[in-house]
Amino acid sequence: VFGKDITLILILNNLSSDHKTVKVDMSASTILYTRRAVAEILKATTSVDLGSKQGKHIRVKIPYSYYGKYLTTDKRIQVTALCEVMHMHGVKLLVEKTIILEDTNIIIKIPRRVVVNKAVTLEISYANPLPEPVNRCVLLVTLMNQQVKIHLARLAPRERSKIHFEFTPRRAGPLQLQVDFSCDKFSHVKGFVTIAVAPA
């Protein structure tokens, strides 16, 4: 989840009965959805001894402080591990994983029954998932082809807050509400809901 430390586990298995030493070069970069690298955020090398038929786990931790300021709106991190079996020339294995960080920021609560030409109040809750405060918070609400921009107070680390939003639907049928939350540390965290509007 965006804002939290990332923990990965690389599992190495020696399928042969010979003892092996494996050198592992690990790296992680923030990337765009096109897979183009933005910034390298982690580089580490380790060596693992594997006995006959033995397996070992390598734990890799990427703290938020490493990736936070380099993450793009795509919220993607590419992790690679180049594993080289020592004393066996040319035996290399490349393991790659793309991590897409999830947002759990926006929660929209709607009343059970929404009726044409009757005012309705929604509850929109939003959060700061980061271990640091955020400023210049803005909520952009899109509904019935109209946008409303709401300026919000700063949020403390890990703080969740909410607003109430009132509107009157003008026709029956499905109505889509979209919410876009931005601040000085991240942008375009989206939430949306389809509201079923009943005839009067």
Side-chain angles (χ1 to χ4, degrees), residues 1-12 24-46 56-83 93-110 122-143 147-163 165 176-194:
V1 177
F2 173 61
K4 301 263 175 82
D5 294 350
I6 299 164
T7 302
L8 301 166
I9 294 172
L10 176 68
I11 302 167
L12 295 175
V24 182
D25 287 319
M26 301 201 74
S27 67
S29 298
T30 55
I31 59 167
L32 300 172
Y33 74 95
T34 56
R35 290 173 63 95
R36 189 168 74 80
V38 176
E40 188 172 71
I41 52 173
L42 179 79
K43 200 167 181 62
T45 300
T46 188
K56 280 190 180 173
H57 292 192
I58 298 175
R59 199 177 180 85
V60 182
K61 189 174 181 181
I62 307 173
Y64 166 74
S65 58
Y66 283 23
Y67 73 80
K69 61 176 178 277
Y70 300 112
L71 210 56
T72 70
T73 51
D74 295 330
K75 296 187 175 66
R76 289 169 190 252
I77 293 173
Q78 176 93 22
V79 183
T80 60
L82 180 64
C83 307
L93 175 69
L94 181 67
V95 180
E96 281 190 326
K97 182 166 181 64
T98 301
I99 301 162
I100 302 171
L101 299 175
E102 290 177 14
D103 291 318
T104 53
N105 280 3
I106 305 284
I107 299 167
I108 304 165
K109 288 184 183 171
I110 54 174
L122 307 174
E123 183 185 283
I124 301 170
S125 90
Y126 51 95
N128 171 14
L130 308 184
E132 57 191 331
V134 295
N135 298 293
R136 298 199 297 279
C137 302
V138 174
L139 211 56
L140 195 63
V141 180
T142 306
L143 181 70
Q147 284 193 332
V148 180
K149 193 176 194 178
I150 304 162
H151 293 274
L152 308 163
R154 77 196 292 269
L155 288 173
R158 313 263 187 235
E159 184 185 359
R160 179 168 281 282
S161 190
K162 64 186 174 188
I163 62 159
F165 182 80
Q176 193 167 76
L177 169 87
Q178 189 171 323
V179 178
D180 187 310
F181 177 56
S182 294
C183 65
D184 63 338
K185 299 283 191 328
F186 56 85
S187 59
H188 305 305
V189 173
K190 295 181 189 296
F192 67 90
V193 69
T194 300

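Heads up: numbering here begins at 1 and tracks the sequence.
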Q: Give a yes or no on whether the backbone of A37 and the side-chain of S29 come within a donor-acceptor separation of less than 3.5 Å.
A: no
Q) Excluding sequence neighbours, so at least two apart, what forms side chain to side chain contact (heavy atoms under 4.5 Å, CB included) with A44? A) none
**Q.** I106, T142, V141, I108 screened by side chain to side chain contact (heavy atoms under 4.5 Å, CB included) with Q178, the one that passes
**A.** T142
Q: Please list, chain by chain and in numerical order, all residues satisfying side chain to side chain contact (heavy atoms under 4.5 Å, CB included) with P157, sequence neighbours excluded.
A: P133
Q | Rounded distance [0.5 Å steps], CD in E40 versus CD in Q78 | A | 12.0 Å
Q | Partner of I77 by side chain to side chain contact (heavy atoms under 4.5 Å, CB included), out of I31, I6, L42 | A | I6
Q) Are C83 and L10 close enough that some pair of their side-chain heavy atoms sits under 4.5 Å apart? A) yes
Q.
Which residues pass the side chain to side chain contact (heavy atoms under 4.5 Å, CB included) test with L140, not counting sequence neighbours?
A. Q147, K149, D180
Q.
My understanding is that only residues two or more places apart in sequence, or in another chain, count here; which of them pass side chain to side chain contact (heavy atoms under 4.5 Å, CB included) with K162?
A. E123, S125
Q. Using the ring of each side chain (for Trp, its six-membered ring), is F181 parallel, tilted or perpendicular to F186, with breaks at 30° and 60°?
A. perpendicular
Q) Listed by chain and number, what are the ring pair (Phe, Tyr, Trp, His ring centres under 6.0 Å) partners of F165, not counting sequence neighbours? A) none
Q: Tell me, please, which residues at least two apart from Y66 pass ring pair (Phe, Tyr, Trp, His ring centres under 6.0 Å).
A: none
Q) At their closest point, which heavy atom of L152 faces which heavy atom of L139, and how far apart are they? A) CD1-CB, 3.9 Å
Q) Roughly how far, to the nearest 0.5 Å, is OG of S27 from CD1 of I41? A) 9.5 Å
